[in-house]
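So the structure is just underneath, and the comments pick up after that.
Nothing here was measured: the structure is a model prediction, and the numbers come from that model.
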2 protein chains.
Amino acid sequence: MSTIRDVARLAGVSISTVSLTLNTPERVATETRRKVAEAAEAVGYSADPIAQSLKRGRSRLIGMVVSDITNPFFGRFLQEIERHAMAADHLVIVSDTSSQIRNEIAILRHLAAQRVSGILLQPTGPMTGPSDHIRQLSMPFVLFDHRLDGVESDFVGADNALASSMLTEHLIRLGHRRIAFLGGTSGLYTAEERKRGFLATMAASGVPADPAIVVDARYDGRHGYEQTMRLMTGPDRPTALIAASNVIALGALQACNELGIACPAEVSLAGIDDVPWAAVVQPRITTAVQPIEDLARTASELLMRRITAPPGTVIDRSEIILAPEIRLGGSTARPA
Amino acid sequence: MSTIRDVARLAGVSISTVSLTLNTPERVATETRRKVAEAAEAVGYSADPIAQSLKRGRSRLIGMVVSDITNPFFGRFLQEIERHAMAADHLVIVSDTSSQIRNEIAILRHLAAQRVSGILLQPTGPMTGPSDHIRQLSMPFVLFDHRLDGVESDFVGADNALASSMLTEHLIRLGHRRIAFLGGTSGLYTAEERKRGFLATMAASGVPADPAIVVDARYDGRHGYEQTMRLMTGPDRPTALIAASNVIALGALQACNELGIACPAEVSLAGIDDVPWAAVVQPRITTAVQPIEDLARTASELLMRRITAPPGTVIDRSEIILAPEIRLGGSTARPA
DNA sequence: TACGCGTGTCGAACCGGTTCGATAAGCGGC
DNA sequence: GCCGCTTATCGAACCGGTTCGACACGCGTA
């Protein structure tokens, strides 16, 4: 690889002039500019990003930290982020916390050491959990999906309450009154919001929500399965189920299949988040889907805005909540 | 952040001694070692990875390049890689080529500029496609999943031919003779291998393979769907289908559902690669699954072996082919 | 003619480490 | 008492850029 010194020698100028030409061409005479450009071209020069990082105190890397990369939601999200980052000449370092706060802390420390120019973080843990390690970050960051109390920052997420409201309203309109809610891990922002939307809509519609059938399925297929088993074999079983996530919904569907309870004839099922391979899961599940591309694009833009802002600029914090979209499937119908 | 100079000052030694202590403690007197350790601890010192990268010409980053991150196979794979990398104190830069060779070239160039210590690459394009940009890589790399002619390197992959052989044999043993093969993108290593396994097993079993029902479904759900539509509505329709990938299988299943052709009563279906949410796809599809964790672990180990080897060491190239595992589902049965 | 100013270029310091060659101290052998 | 060897430490060069202050030059003005 050629260095800036090679270019300087060939162009017959000093290395500072070369650097100047590359970074602030308007400060360099036209003729010099041409010579440097030719020399750089001739030796195939491109600046070493590591040396730049060292001097500038910032690299052209972006960190993305999520709780579980295998979740298809994050896969899609990552793909979009990577695309945007690439367009802005940045690479993406991705890391999985497995929902462990101590992993999150360690990863953020690593990213800080690498002087990443920005971080996209889906924080783990309860809303009121520890957040010092996030608040003290020295580079721009954007939280997404999951909100955290006590952290002043840009945030991008879907309207979780609205998502369950839409599903709840849809079921009520179909005539359901005994609706069970298979919630996400309690304490988590998204889980609480989704539950809140459900309860609020039930209340607003004058339909009583029985606390005995508003359960915690921990964003987990197995729990979704087990809770559904319990609900559907217990007394006074619900005529409809709302699952707080795609994996919970699939667990629920599996339980119904095994119990021989037909969906939607005997029970309606709706869930939040797109179900991968939705087309082949029979019946097709009614879902409220998050607009992944929009979320990712917005998060990228918010982050890039801060990264590219001249130092010292004050940028107001943005909270962007995007509306989900309801996608009706064959899994919801009028109660028997 | 504190620098090595702070530590040196506090410990009352030179910066070279501090560096020596941290990198080759055995060359430093015990007493000095203690003083340095204490000083480092006191100021909370940890070496700047960027400065180290600049001087050493190598960073503690690993690149992982795949054709499509949203594919659940790669999601799982990435998660494992990231875990292993983290354990070895490395971060993972992930990049998606969208199966475009020009993206692959650009990404590899970026990774090289970042002086990543190693690269895990699922190369894109046909086996005989361009590979100069890979061969010229200046750092250790391991190819996985997809092989490339003309590149001497470590390789880790599943036994693709064996995977389709196992499925083919299973179907033949059940009594099928007219078996269709929904192949992957022709020209791609995995696709050719999978087809080869199918044809070889058919031939070895004395069952004629009708070329008219050995088709190309391009590793794509829509093509799987369309080809199945064509096959199942045409004359002399097959009694069994083998899909070269999970998405093809799902497309095929959807087509059968829509045509009202019952599986497995009227047609058997088997596929390669795990089907996500397998538990809720009815019927459960018989698959030959790749051992993802083993593949990822092996790839990590091969790469780390090269990364940590003292420079100049010659390491024989390894090609590791792991056997898939067959998982029987309800989608395959005796022909009517 | 002298002065001040704007423009273009340059040398040198610096970012934070690693590493090589030099040097000094300690020690045993003759 | 001196030589030579080992061991511990250090100074300085270097990795490849960026940036600040200095400086030379040409020009218009007083």
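Between A:Asn23 and D:dT19 there is no side-chain N or O to OP1 or OP2 distance below 4.0 Å. Put simply, B:Tyr45 has no side-chain N or O that comes within less than 4.0 Å of OP1 or OP2 on C:dG16. In this model, the phosphate group of D:dT18 is approached by a side-chain N or O of A:Gln52 to a distance below 4.0 Å at OP1 or OP2.
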Output one line per pair: protein atom, nucleotide atom from nucleotides 22-28 of chain C, and distance, for all N/O pairs under 3.5 Å.
none

Short N/O separations, protein against nucleotides 8-13 of chain D, under 3.5 angstrom:
| from | atom 1 | to | atom 2 | distance (Å) |
| --- | --- | --- | --- | --- |
| D:dT9 | OP1 | B:Thr32 | OG1 | 2.1 |
| D:dT9 | OP2 | B:Ala29 | N | 3.0 |
| D:dT9 | OP2 | B:Thr32 | OG1 | 3.3 |
| D:dC10 | OP2 | B:Ser14 | N | 2.9 |
| D:dC10 | OP2 | B:Ser14 | OG | 3.2 |
| D:dC10 | OP2 | B:Thr17 | OG1 | 2.4 |
| D:dG11 | N7 | B:Ser16 | OG | 3.1 |
| D:dG11 | O6 | B:Ser16 | OG | 3.3 |

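No side-chain N or O of B:Ser59 forms a donor-acceptor pair with one of B:Gln114 less than 3.5 Å apart. For the residue pair B:Tyr45/B:Thr3, the side-chain donor-acceptor check at 3.5 Å is not satisfied. Residues A:Arg305 and A:Ser318 bring a donor and an acceptor atom of their side chains to less than 3.5 Å of each other. Of the N and O atoms on the side chains of B:Asn160 and B:Gln290, not one donor lies less than 3.5 Å from an acceptor on the other residue. No hydrogens or angles considered: a donor-acceptor pair under 3.5 Å links the side chains of B:Ser14 and B:Thr17.
A:Leu148 pairs with exactly one of A:Pro130, A:Pro123, A:Pro126 by the side-chain contact (heavy atoms from CB on, under 4.5 Å) rule, that one being A:Pro123.
Within the nucleic acid shown, B:Arg5 comes within 4.0 Å of at least one base atom, counting heavy atoms only.
Ring-plane geometry between A:Phe74 and A:Phe144 is classed as perpendicular, the angle between the planes exceeding 60 degrees on a 0 to 90 degree scale with a lower cut at 30.
One interatomic measurement links the two molecules: CG of A:Leu54 to C1' of C:dC14, which rounds to 9 Å at whole-angstrom precision. Going from atom CG of A:Asp6 over to atom C1' of D:dC15 covers 14 Å, rounded to whole Å. In this structure, B:Ile4 atom CD1 and C:dT19 atom P are separated by 11 Å, rounded to whole Å.
A salt bridge is defined here as a Lys NZ or Arg NE, NH1 or NH2 lying under 4.0 Å from an Asp or Glu carboxylate O, and A:Arg83 with B:Asp96 fails to meet this definition.
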